[in-house]
Amino acid sequence: MKASLEQIVSLAKRRGFVYPGSEIYGGLAGTFDYGPLGVALKKNIENLWWRTFVDTRDDMYGIDAAILMNPKAWEASGHVAGFSDPLVECANCKKRFRADHLEDAGTCPACGKQGTLGEPRQFNMMFATKAGASEGESATVYLRPETAGGMFVNFKNVVDSFHPKLPFGLAQIGKAFRNEIAPREFLFRVRELEQMEVEYFVRPEAWEEAFEAWRTGMLAFAKELGLPEASVHELEVAAEDRAHYSKRTIDFEFDYPFGRKELWGLAYRTDFDLSAHQAGSGQKLEYIDEASGEKFLPHVIEPSFGVGRTMLAVLMSAFKEDELGGEARAYLALSPKVAPIKAMVSPLLKNKPELVEKAKEVRKFLQKVHPAIAWDDNGNIGKRYRRQDEIGTPFCITVDFDTLGEKPELKDTVTLRHRDTGEQERLSIEEAAERIRASLA
Ligand code: ATP
């Protein structure tokens with residue numbers, strides 16, 4: 001059975017993954033706050049992405065650009081003039097909607113009245129603010145609506161510092177802001193979001209090969225995150241639906257409970273961005289081939305991943321309900337690589353100091369493999385297991401009297417319980433460490 005959005009929202013709040021933003025003040029639409037387990041899950045997703053697409057490759061360069069940029073950059077890129085969605089307002093209830101998301105353009109989805117929705121007008125989604133201490137001197141600046149801009153403006157810097165050979169890419173993870181007309185569906189459509197993006201620069205004639213490599217790379221990453229192949233779909237975006245500068249776009253869609261919707265995007269952007277920033281800044285952004293002396297603007301392949309949409313897809317895919325030992329349970333079958341906690345260590349009884357001391361020792365030992373090893377000595381063992389199942393901890397390790405040597409042949413062994421099956425094995429502390437290490441490799 002597939003999880004409903006309500007089940008995920010409720011689990012996320014109850015167990016400290018994601019809370020509504022500014023909740024004690026009644027919230028702020030389109031914002032969410034990540035709690036302790038959500039931070040860990042998000043960081044693990046981001047770290048896996050960075051390791052996959054940056055650290056383990058020789059052709060990728062990391063960037064962490066400022067969120068506030070010179071507004072001329074957004075004029076050059078076309079965002080000031082055109083980063084907009086069509087907005088309609090209902091004359092009766094005054095609610096606003098995205099015209100292209102309406103199921104029936106003749107009926108207001110909020111009040112149900114017919115014929116009250118006005119003509120669509122373009123609504124720019126960039127958040128504007130003021131930079132500078134006094135109102136008079138201050139200039140309008142924008143919170144970036146995507147991380148891409150920060151990479152294009154640093155293209156020349158990276159080329160000058162590192163002299164990379166084509167093809168090569170810049171990568172960035174960071175916040176972006178979009179004043180969405182109708183934020184909704186939990187982390188799916190928010191106003192403050194996080195993106196993981198790459199601008200991959202290629203010789204113009206080599207774009208197809210690079211596009212294909214990124215397409216398969218993105219599918220492989222979906223698999224590594226634990227998204228079922230059957231839930232991820234490629235949508236070849238038709239020419240009339242593509243941005244004017246894009247010669248090819250694939251939307252990777254995921255089967256969310258509210259429909260099949262865009263998870264990530266992959267676009268061939270030609271030399272649109274470098275050429276626009278070259279014209280806007282007056283700076284030469286051409287790449288010079290050191291061997292031939294040839295000068296040209298590289299073309300760009302852009303894989304773009306939303307962190308929140310990824311996390312929601314990961315949670316949806318991992319949520320499972322079954323029956324274990326005659327009792328119903330809900331658990332998250334998260335890949336150990338992204339699970340917030342890698343294992344939990346527990347003394348069989350919390351009022352036996354020898355057990356507690358030994359269990360602490362075991363935990364310390366396992367933390368050499370990974371620091372995210374939790375401690376739980378509350379309630380009975382069964383309850384502890386269920387708590388960890390619900391947050392997706394792959395292993396629970398219990399220290400009992402045999403660990404202390406009550407049966408001499410079992411001295412320094414522990415029980416290791418597997419989350420998905422509930423099965424337990426008796427193994428040495430070193431073997432338990434090895435199980436955790438192997439699960440993260
Ligand atoms: P949509 O059509 O759903 O509004 P988009 O095509 O505008 O999305 P892009 O501009 O391609 O999205 O942004 C790249 C990625 O950033 C998306 O694939 C998605 O993962 C993420 N993203 C974009 N807008 C949002 C948002 N409002 N909330 C959460 N994630 C977002």
Side-chain angles (χ1 to χ4, degrees), residues 1-46 49 85 95-98 100-103 109-110 125 127 143 145-146 173-196 222 225-228 231-233 251-265 304-321 330-335 338-340 390-392:
M1 196 206 77
K2 286 214 167 135
S4 68
L5 188 62
E6 291 68 36
Q7 280 173 306
I8 296 296
V9 172
S10 139
L11 171 78
K13 165 137 203 253
R14 190 160 34 84
R15 298 307 312 271
F17 283 89
V18 181
Y19 307 116
S22 331
E23 195 182 10
I24 61 167
Y25 287 101
L28 177 68
T31 66
F32 288 92
D33 296 341
Y34 288 82
L37 295 181
V39 175
L41 177 57
K42 184 158 81 72
K43 281 200 168 151
N44 292 343
I45 291 171
E46 292 173 352
W49 187 89
D85 277 338
K95 289 233 162 72
R96 293 168 160 200
F97 310 95
R98 240 177 94 164
D100 57 333
H101 283 174
L102 290 175
E103 272 177 24
M125 293 199 291
F127 279 98
L143 302 187
E146 56 184 32
I173 299 179
K175 292 236 171 172
F177 301 82
R178 298 182 179 191
N179 196 2
E180 294 280 355
I181 294 167
R184 58 187 168 166
E185 272 115 25
F186 193 36
L187 304 175
F188 182 80
R189 190 171 300 286
V190 293
R191 290 189 170 139
E192 177 173 338
L193 55 132
E194 212 152 339
Q195 292 180 314
M196 310 184 279
L225 287 170
L227 307 186
S231 304
V232 179
H233 311 273
D251 284 350
F252 289 85
E253 297 186 315
F254 180 79
D255 292 321
Y256 289 103
F258 39 87
R260 187 176 289 183
K261 295 279 167 67
E262 176 174 335
L263 168 67
W264 306 327
S304 180
F305 304 67
V307 176
R309 286 188 191 183
T310 305
M311 182 156 153
L312 185 53
V314 165
L315 287 171
M316 301 291 336
S317 305
F319 187 88
K320 306 257 186 283
E321 288 174 299
Y331 69 104
L332 291 179
L334 290 171
S335 150
V338 297
E390 212 187 10
I391 60 170

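Any value given below was found using the heavy atoms of this structure, including those in side chains, with hydrogens, waters and symmetry copies removed.
- Distance check: R15 CZ to E390 CD gives 5.0 Å after rounding to the nearest 0.5 Å.
- A pairwise comparison of heavy atoms in G392 and A339 identifies O-CB, 3.5 Å as the closest pair.
- Between F188 and F258, the ring-plane angle classifies as perpendicular under the 30° and 60° cut-offs.
- Here the shortest heavy-atom pairing between S317 and L227 reads OG-CD2, 3.5 Å.
- Looking at heavy atoms from C-beta onward, P145 lies out of side-chain contact with M125 at the 4.5 angstrom threshold.
- At a threshold of 4.5 Å between non-hydrogen side-chain atoms, the residues P109 and E103 do not count as touching.
- Across V232 and A222, no two heavy atoms sit closer than the pair CG2-CB, 4.4 Å.
- Partner of K175 under the salt bridge (charged side-chain N to carboxylate O under 4.0 Å, His left out) criterion, chosen from E192, E46, E146: E192.
- Here the straight-line distance linking atom CG of L334 with atom CG of L225 works out to 10.5 Å at 0.5 Å rounding.
- Between I391 atom CD1 and L37 atom CG the span is 5.0 Å, to the nearest 0.5 Å.
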Kindly determine whether L315 and L41 satisfy side chain to side chain contact (heavy atoms under 4.5 Å, CB included), including the steps that lead there. CA-CA 10 Å; L315 287 171; L41 177 57; 3.8 Å; yes

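- Of all heavy-atom pairs spanning K95 and A110, the tightest one is CD-CB, 4.0 Å.
- The side-chain tip of K42 points at the ring of Y34 from less than 6.0 angstrom away and within 45° of straight on.
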Show your reasoning for whether side chain to side chain contact (heavy atoms under 4.5 Å, CB included) applies to D85 and H101. CA-CA 10 Å; D85 277 338; H101 283 174; over 6 Å; no

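- Panel note: side chain R309, backbone E262; a donor-acceptor pair is recorded below 3.5 Å.
- Aromatic ring pairs are classed by plane angle as parallel below 30°, tilted from 30° to 60° and perpendicular above 60°; the pair F127 and F177 is perpendicular.
- Of the listed residues (F17, Y19, F186), just one forms a ring-ring contact (aromatic ring centres under 6.0 Å, His included) with F32, and that residue is F186.
- Remark: K261 NZ is packed, more than 12 non-hydrogen atoms of other residues, nucleotides or ligands lying under 6.0 Å away.
- Residues M311 and V338 have side chains not in contact (no heavy-atom distance under 4.5 Å, counting atoms from C-beta outward).
- Distance CD/E6 to CG/L11: 13.0 Å, rounded to 0.5 Å.
- Between P228 and D255, every side-chain heavy-atom pair lies at or beyond the 4.5 Å cut-off.
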Verify side chain to side chain contact (heavy atoms under 4.5 Å, CB included) between D33 and V18, making sure each step is shown before the conclusion. CA-CA 6 Å; D33 296 341; V18 181; over 6 Å; no

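- Between K2 atom NZ and K320 atom NZ the span is 10.0 Å, to the nearest 0.5 Å.
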Criterion side chain to side chain contact (heavy atoms under 4.5 Å, CB included) on Y256 and L263, from CA distance to verdict: CA-CA 9 Å; Y256 289 103; L263 168 67; 3.4 Å; yes

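- The two atoms that bring G30 and P183 nearest to each other are CA-CB, 3.6 Å, heavy atoms only.
- One finds the CD atom of E253 at 13.0 Å from the CH2 atom of W264 (value rounded to the nearest 0.5 Å).
- Between the side chain of R191 and the main chain of E180, a donor-acceptor pair closer than 3.5 Å is present.
- In this structure, the side chain of E23 does not engage the main chain of P20 through any donor-acceptor pair within 3.5 Å.
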